[in-house]
Amino acid sequence: MEVGFATLVAVGVVLVTLIGWVTRRVHQWVQEWGLDSSGRVRLPPGDMGLPLIGNMWTFLRAFKSGKPDSFMGSFIQRYGKTGIYKGYMFGGPTIYITSPEASRRVLMDDEHFITGWPKSTMELMGRKSFIGISQEEHKRLRKLTSAPINGYEALNTYLQYIDLCVISALEKWSVMGEIEFLTELRKLTFRIIMKIFLGKESDVIMESLERVYTELNYGIRAMAINIPGFAFHKALKARKKLVEVLQAVLDERKALEGKNTGQRSKDMMDHLLDVKDENGRRLTDEEIIDVLIMYLNAGHESSGHITMWATVFLQDNPDIFKRAKEEQENIRKSMPLTQKGLTLKEVKKMEYLSKVIDETLRLVNISFVSFRKATTSVTLNGYLVPKDWRVMLWYRSVHMDPDVYADTKKFNPSRWDGPPPKAGTFLPFGLGSHLCPGNELAKLEISVFLHHFLLGYKLERMNPKCKLRYLPHPRPVDNCLAKIVKLGY
Ligand code: HEM
């Protein structure tokens with residue numbers, strides 16, 4: 001009787017495995033149906049998983065179990081280090097790219113690749129944001145919006161505001177006792193980006209909007225399931241709220257058009273309202289709102305997280321902390337006594353701190369992936385990328401490649417001594433026409449924060465061994481519960 005039961009279980013296991021294998025083969029066959037036999041042979045190696053789910057389950061399991069590199073690791077283990085694999089994610093056949101050369105080729109090739117973000121991201125960021133519009137529109141809006149953020153003049157103007165915000169935030173937190181350090185940093189970076197884009201400073205509006213953005217973000221890398229209880233459903237509601245708030249601000253601005261409003265300096269909303277194309281057409285409300293939703297989100301989430309991680313890494317590594325602090329003390333000493341705050345001249349001198357930030361960007365991989373779509377069939381590294389397939393640029397694998405970065409998991413700012421990294425091996429801000437337009441602003445914010453932190457404070461975490469969560473961005477689950485202790489300059 002017992003042998004019979006064991007046999008039954010064994011047959012059951014074999015049957016399930018067989019059905020799983022056949023279903024996977026059929027799924028792959030269906031996805032490759034449109035390709036001729038020579039095309040199919042030239043596809044990169046890979047595994048498309050089960051119908052509908054594809055590799056999504058494996059991806060979520062890897063990230064949710066705290067082993068994000070095990071997802072791509074399993075492809076590398078099974079198919080070798082080809083740097084390019086086929087798979088199935090977010091409801092479509094996908095090419096994963098993990099090598100620096102192939103990433104660079106895709107990012108620099110606007111003729112054969114356009115943006116290809118999943119439906120969830122597109123719906124949440126808006127179809128008129130940079131990930132939904134045509135290449136020409138993107139070029140025009142990008143030119144209009146990036147110079148007022150990243151140019152030397154602009155950074156010089158914002159520096160004073162950032163400096164004051166950082167000084168007062170640190171002072172405030174040091175008397176607050178335990179704080180969620182990450183949550184407070186997000187509020188700080190949100191305040192800065194709101195000032196640049198909307199000229200707003202009201203604490204109440206900012207706090208409530210930042211909370212709405214947190215909801216929006218949880219849905220961005222989730223599956224597009226619009227059912228109550230799912231992250232995407234909550235995120236859609238958050239987007240609706242953001243649209244309402246921004247529409248109200250826009251209506252208010254339009255009502256003031258042409259009226260004398262005193263000395264107010266122009267913010268990004270004014271620029272977007274003013275702009276006309278060659279036919280004299282102005283941007284619609286939807287276009288302005290989607291661009292703002294995208295910028296306000298991109299402009300605070302990543303900077304807030306990276307600032308937190310850089311602070312944590314510094315605090316955890318006393319030698320690195322000491323060296324970084326000495327640099328900031330020397331910079332402080334070199335400042336004329338009559339000078340009130342930091343200027344770009346001092347920021348330029350923060351060479352070691354810049355390496356600390358680069359190393360944080362590499363190790364944390366805040367933007368671990370980016371999405372494109374092939375507009376025609378392309379050959380990449382000898383493999384076929386079929387027309388209309390999604391391409392996922394797996395930046396995380398590039399930054400954690402032991403052949404490029406020895407002892408990859410070690411926080412080691414000194415690895416940035418010497419010549420700059422080889423093209424394509426360091427992509428924290430992407431590359432090409434979609435290169436992050438806020439890269440300089442982000443580095444400025446982080447540098448100013450670390451300058452003041454190193455000189456006068458220390459971080460005491462309540463749960464230093466706290467578990468990490470990797471989606472949507474890597475963070476401790478307690479949002480870095482800590483005390484900011486003032487030491488005195
Ligand atoms: C540490 C901070 C930041 C990181 C790591 C980061 C990373 C990135 C990356 C990797 C991309 C490229 C996405 C792609 O190739 O599809 C990107 C795009 C973008 N970022 Fe950032 N970013 C940061 C801060 C900022 C800031 C401060 C702003 C706003 C001022 C900003 C605004 C944007 C926008 C609007 C895009 C879309 C650009 C386009 O599609 O043309 N980012 N960012």
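FYI, the numbering just counts along the sequence from 1. Just follow the structure's listing: the first ligand is 1, and inside any ligand the first atom is 1. Because the structure is a prediction, the values reported are computed rather than measured.
- Of the protein's heavy atoms, H434 O, 3.5 Å lies nearest to atom 12 (C) of ligand 1.
- Contacts with ligand 1 closer than 4.0 Å are made by heavy atoms of both the backbone and the side chain of F429.
- Nearest protein neighbour of atom 5 (C) of ligand 1, counting heavy atoms only, is I366 CG2, 3.4 Å.
- In terms of protein heavy-atom proximity, atom 35 (C) of ligand 1 is nearest to Y295 CE2, 3.5 Å.
- When the options M268, E445, H300 are evaluated for a side-chain contact (heavy atoms from CB on, under 4.5 Å) with I193, the one that passes is H300.
- Atoms of ligand 1 found under 4.0 Å from any heavy atom of W117 (numbered from 1 in listed order, with element): 16 (O).
- Among R372, M268, R142, H305, the residue whose heavy atom lies nearest to atom 15 (O) of ligand 1 is R372.
- Here F71 and W394 bring their ring centres to under 6.0 angstrom of each other.
- The ligand atoms of ligand 1 that sit less than 4.0 angstrom from a heavy atom of M294 are 35 (C).
- The nearest pair of heavy atoms linking H473 to I366 is ND1-O, 3.3 Å.
- Residue contacts with ligand 1, taken as heavy atom pairs separated by less than 4.0 Å, involve H138 solely via side-chain atoms from C-beta onward.
- Ring geometry, F181 versus F449: the interplanar angle falls from 30° to 60°, so the pair is classed tilted.
- The proximity of Y395 to ligand 1, defined as any non-hydrogen pair under 4.0 Å, is limited to the side chain.
- Within the 4.0 Å heavy-atom criterion, neither part of E445 lies near ligand 1.
- Remark: aromatic rings of F368 and Y470 are distant, center separation not under 6.0 Å.
- Distances from atom 42 (N) of ligand 1 to the heavy atoms of S303, S302, C436, G438 put C436 nearest.
- Side-chain contact, Y295 with T145: a donor N or O sits under 3.5 Å from an acceptor N or O.
- Shortest non-hydrogen contact noted between T360 and V356 is OG1-O, 2.7 Å.
- Of the protein's non-hydrogen atoms, I193 CD1, 3.6 Å is the one closest to atom 30 (C) of ligand 1.
- Close approach to I149 involves these atoms of ligand 1, each under 4.0 Å from a residue heavy atom: 30 (C).
- With ligand atoms numbered from 1 in the order given, ligand 1 contributes 19 (C), 20 (N), 33 (C), 34 (C), 35 (C), 36 (C), 38 (C) to contacts under 4.0 Å with heavy atoms of P437.
- Here the shortest heavy-atom distance to atom 25 (C) of ligand 1, taken over S129, S370, A298, belongs to A298.
- Note that K234 lies outside the cation-pi zone of Y218, set by a 6.0 Å cut-off to the ring centre and a 45° limit from the axis.
- The cationic atom of R362 (NZ for Lys, CZ for Arg) lies less than 6.0 Å from the six-membered ring centre of Y405 and within 45° of the ring axis.
- The protein heavy atom nearest to atom 29 (C) of ligand 1 is G299 CA, 3.5 Å.
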List the steps and the verdict of salt bridge (Lys or Arg N to Asp or Glu O under 4.0 Å) for D267 and R253. CA-CA 11 Å; D267 55 36; R253 276 300 157 88; 2.8 Å; yes
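- A side-chain contact (heavy atoms from CB on, under 4.5 Å) with Y85 is found for exactly one of L43, T98, T94, namely T98.
- With hydrogens left out, the protein atom closest to atom 10 (C) of ligand 1 is P428 O, 3.3 Å, a heavy atom.
- Ligand 1 places these atoms under 4.0 Å from at least one heavy atom of G430: 10 (C).
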